[in-house]
*Asks:* 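Below is a structure I'd like to ask you about.
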Amino acid sequence: MKNIPKNKRLEDWILKIVGYTVNSNDDYSDDYRHNVLKYAIAEEIFTKEKAIRHISWLIKLNENKSNMEESVKKWRSDRDYLRGYNEKK
């Protein structure tokens, strides 16, 4: 874990590996990001609760940075989606 920069977390790397990003260069739709999150939860890569906690952490870390407004907006959308997501469907 010592090779991970202090402003990164293992969860960031896991999310990237499964294809989740809010990067404006990729410009993935809400549906795409939600499907990636659903897949990661269904495959038990991480839990719904862990995803919500991590996305909440990303929001808190970046919500006051003007260059991160769009990312924060997407994270909030994704967090709200996960809060309403029923894993049993």
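Numbers here simply count residues along the sequence, with the first being 1. Here the structure is a predicted model, which is why all the values come from computation and not from measurement.
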*Asks:* I'd like to check the salt bridge (Lys or Arg N to Asp or Glu O under 4.0 Å) partners of Arg79; sequence neighbours left out, ordered by chain and number.
*Replies:*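 For Arg79, no residue satisfies salt bridge (Lys or Arg N to Asp or Glu O under 4.0 Å) once neighbours in sequence are set aside.
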
*Asks:* Under the rule for side-chain contact (heavy atoms from CB on, under 4.5 Å), what residues qualify as partners of Ser29, not counting sequence neighbours?
*Replies:*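 side-chain contact (heavy atoms from CB on, under 4.5 Å) list for Ser29, sorted by chain: Asp31, Tyr32.
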
*Asks:* So Trp57 and His54, do their side chains get closer than 4.5 Å, heavy atoms only?
*Replies:*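 With C-beta onward as the side chain, the pair touches.
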
*Asks:* Would you give the length of the straight line joining atom CZ of Arg33 to atom CD1 of Ile55, rounded to the nearest 0.5 angstrom?
*Replies:* 9.0 Å

*Asks:* Can you find a side-chain donor-acceptor pair between Asn23 and Tyr28 that sits under 3.5 Å?
*Replies:*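 Checked: Asn23/Tyr28 side chains show no N/O donor-acceptor pair below 3.5 Å.
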
*Asks:* Supply the atom-to-atom distance Ile52 CD1 to Asp78 CG, rounded to the nearest 0.5 angstrom.
*Replies:* 11.0 Å

*Asks:* Evaluate the side-chain proximity of Asn62 to Asn67: yes if any heavy-atom separation is below 4.5 Å, no if none is.
*Replies:*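 Asn67 vs Asn62: side chains apart.
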
*Asks:* Just to verify, what does Asp27 make a side-chain hydrogen bond (donor to acceptor under 3.5 Å, both in side chains) with, not counting sequence neighbours?
*Replies:*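 Residues passing side-chain hydrogen bond (donor to acceptor under 3.5 Å, both in side chains) with Asp27: none at all.
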
*Asks:* What is the minimum heavy-atom distance between Lys74 and Ser24, and which atoms define it?
*Replies:* NZ-CA, 4.4 Å

*Asks:* Apply salt bridge (Lys or Arg N to Asp or Glu O under 4.0 Å) to Glu63 and list each qualifying residue two or more places apart in sequence or on a separate chain.
*Replies:* Arg76

*Asks:* Side-chain contact test, heavy atoms from C-beta onward, threshold under 4.5 Å: evaluate it for His34 versus Ser77 and give yes or no.
*Replies:* yes

*Asks:* Is there a side-chain contact between Leu37 and Leu15, using heavy atoms and a 4.5 Å cut-off?
*Replies:* yes

*Asks:* What are the two closest non-hydrogen atoms of Trp75 and Ile59, and how far apart are they?
*Replies:* CB-CG1, 3.6 Å

*Asks:* With a 3.5 Å cut-off and sequence neighbours excluded, list the donor-acceptor pairs that the side chains of residues 40-48 form with protein atoms.
*Replies:*
residue	atom	partner	partner atom	Å
Thr47	OG1	Lys50	N	2.9
Lys48	NZ	Leu82	O	3.3
Lys48	NZ	Tyr85	O	2.6

*Asks:* How would you list, by chain and number, every residue that makes a side-chain hydrogen bond (donor to acceptor under 3.5 Å, both in side chains) with Asp80, sequence neighbours excluded?
*Replies:*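 Per chain and number, Asp80 pairs via side-chain hydrogen bond (donor to acceptor under 3.5 Å, both in side chains) with no residue.
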
*Asks:* What is the minimum heavy-atom distance between Val36 and Gly19, and which atoms define it?
*Replies:*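 Closest approach of Val36 to Gly19, heavy atoms only: CG1-C, 3.9 Å.
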
